[in-house]
Structure formats: C-alpha cells, structure tokens
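Any value given below was found using the heavy atoms of this structure, including those in side chains, with hydrogens, waters and symmetry copies removed.
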Amino acid sequence: MSSSEKTVLQRLVSVCATVAFAAFLLWLAVWLLQQIWGWLLLILLIAAIVTVVVIVLRGRRDRWFR
C-alpha cells in the first residue's frame, strides 16, 4: 500500500466534507432566492405584460394591412 492511497476513514471524511459543502451551496442558493424573489416576480410580470402588448399590437397591425 503506497502512501498516496486514502484509507477508508479519509474517504469517509472526504465524502462528508463534499456533502456538507453541497448542502451549504444549496442553502446559499435558497437564501439568495428568498432575498430577491419579489424582484424576480416583478420582472416576470413586466415581461408577461410586454409580451401580451406586443402580440396584441402585432395582431391589430396585421389586420390593418390586409
């Protein structure tokens, strides 16, 4: 067994550290969404309104030129 190989305990600690880091990143992502969800909702609402207005105006313009 060479000195570069990991023991079972070292592998377990490595896996636990990776899981803990992934859990922290997930918590951070959820926290960030909690901070800005209102702004995201407002942007989505504005985008939906603009889309509907553009569709309606294009439809009226197409009927006008026919």
### Message
Please say yes or no: joined through hydrophobic side-chain contacts below 4.5 Å, possibly via intermediate residues, are Trp27 and Leu25 part of one cluster?
### Response
yes
### Task
Side-chain contact test, heavy atoms from C-beta onward, threshold under 4.5 Å: evaluate it for Leu40 versus Leu44 and give yes or no.
no
### Message
Show the nearest heavy-atom pair for residues Gln10 and Glu5, with the distance to one decimal.
### Response
OE1-O, 4.2 Å
### Message
If hydrophobic clusters are built from ILVMFWY residues whose side chains come within less than 4.5 Å, do Trp31 and Phe21 share one?
### Response
yes
### Task
Output all residues satisfying side-chain contact (heavy atoms from CB on, under 4.5 Å) with Ile46, sequence neighbours left out; order by chain, then residue number.
Leu42, Val50
### Query
For Val53, which of Thr51, Val56, Leu57, Ile55 qualifies under side chain to side chain contact (heavy atoms under 4.5 Å, CB included)?
Leu57
### Query
Rounded to the nearest 0.5 Å, what separation is found between the CZ atom of Arg11 and the CG atom of Leu9?
11.5 Å
### Message
Taking side-chain contact (heavy atoms from CB on, under 4.5 Å) as the definition, give me every residue that meets it alongside Val15, ordered by chain and number, with sequence neighbours left out.
### Response
Val19
### Task
Give a yes or no on whether Leu32 and Phe24 share a hydrophobic cluster (residues Ile, Leu, Val, Met, Phe, Trp, Tyr; joining criterion: side-chain heavy atoms under 4.5 Å apart).
yes
